[in-house]
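Values in this document were obtained by computation on a predicted structure and should not be read as measured data. Just follow the structure's listing: the first ligand is 1, and inside any ligand the first atom is 1.
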Amino acid sequence: MERIGVIGGGLMGSGIAEVTARAGIDTVVVEVSQEAAQVAEDKIRSSLERALSRGKIDEAELAAVLGRITVATDLEALADRDLVVEAASEREDVKLDLFRRVGAILEKDDAILTSNTSSIPIVKLGAVAGRADRVMGVHFFNPAPVMQLVELIPSLTTSPETLARMQAFVTDKLGKQPIEATDRAGFVVNSLLVPYLLSAIRMYEAGYASAADIDKGMVLGCGHPMGPLALSDLIGLDTIRAIGISMYEEFKEPLYSPPPLLDRMVDAGLMGKKSGHGFYAY
Ligand SMILES: NC(=O)c1ccc[n+]([C@@H]2O[C@H](COP(=O)([O-])OP(=O)(O)OC[C@H]3O[C@@H](n4cnc5c(N)ncnc54)[C@H](O)[C@@H]3O)[C@@H](O)[C@H]2O)c1
């Protein structure tokens with residue numbers, strides 16, 4: 001795994017690219033436009049500058065990491081990659097289209113194509129990629145450079161060899177801690193987390209308490225590092241809504257269904273921290 005491609009340079013893609021480049025790997029990030037590619041590059045640079053200011057890396061390391069990252073707008077830039085991590089927006093149509101195209105572009109027979117999706121069935125992505133045995137889910141957590149956990153999700157068609165290669169890569173090369181989950185919407189962490197976040201949004205919507213008090217309740221009452229509404233803003237309200245919809249479609253469990261307030265906020269462009277406004281202003 002010497003050449004890695006990351007599709008999408010948003011919240012997660014930029015963090016994943018930073019992780020792989022910091023692990024010494026040549027990394028290409030593909031975005032939808034030159035402008036988006038520039039935003040992704042700026043995000044990675046400012047994250048590295050934060051690491052520098054905290055003494056986690058030095059100037060030479062910062063320059064070396066940036067030197068390993070190339071941004072592009074054409075999926076053809078992924079042709080020679082050993083591994084691709086797709087981290088585009090949480091939309092099934094977008095991901096199916098990407099897997100169809102990238103599956104045909106990858107030149108190496110043993111190249112692995114993975115998705116950072118939180119809830120879209122991996123088996124569907126494998127089915128369109130033309131290499132179903134070499135497709136699986138690799139779910140990083142936000143912020144990727146800081147969070148240790150990576151969920152590994154083999155689908156019904158993923159080969160044991162692909163899973164073993166990704167286990168070794170995540171552990172030995174990235175220094176992260178994998179857990180394995182089955183290909184069910186939400187995997188392990190979001191299956192537990194998303195209904196909790198949606199319940200907090202419902203509680204706020206129903207006027208139980210202010211956003212600040214709901215968050216303070218969980219921070220001080222349960223020792224969580226962050227309350228559920230602040231965490232929703234950090235994850236991105238569009239992403240939480242999309243995960244809730246996928247989980248609801250799969251299990252028909254009412255707790256997974258996004259509340260109307262979340263729909264309205266997303267329709268209004270209030271996506272949380274990444275758009276500057278969600279339950280809080282940033
Ligand atoms: N936000 C989180 O906390 C979190 C955590 C784990 C996993 N995820 C998953 O990671 C993925 C990305 O989420 P995010 O939070 O980074 O979203 P985001 O909105 O911050 O970024 C998505 C990026 O994908 C780009 N994109 C869209 N279509 C594309 C295409 N066809 N080709 C290339 N780039 C494209 C967009 O321009 C955008 O920059 C989703 O599948 C999400 O479920 C998110």
message = Taking atom CD as the centre, does Glu253 end up with more than 12 heavy-atom neighbours from other residues, nucleotides or ligands that are less than 6.0 angstrom away?
response = yes

query = Can you list, by chain and residue number, every protein residue with a non-hydrogen atom closer than 4.0 Å to ligand 1?
reply = Ile7, Gly8, Gly10, Leu11, Met12, Val30, Glu31, Val32, Ala87, Ala88, Ser89, Glu90, Val94, Lys95, Leu98, Asn116, Thr117, Ser118, His139, Phe140, Asn142, Ile235, Thr239, Lys274

query = Run the side chain to side chain contact (heavy atoms under 4.5 Å, CB included) check on Ile214 and Phe279 step by step: do they pass?
reply = CA-CA 11 Å; Ile214 292 171; Phe279 292 102; over 6 Å; no

task = If a pair satisfies side chain to side chain donor-acceptor pair (under 3.5 Å) and one of its residues is in residues 30-43, list it, with sequence neighbours excluded.
result = Gln38-Asp42

Note, Lys95 side chain near Lys124 side chain (heavy atom, < 4.5 Å) = no

inquiry  = According to salt bridge (charged side-chain N to carboxylate O under 4.0 Å, His left out), who are the partners of Asp133, at least two apart in sequence or on a separate chain?
reply    = none

note = Residues joined to Leu156 in its hydrophobic cluster, side chain to side chain under 4.5 Å directly or through other members, sorted by chain and number, are Val123

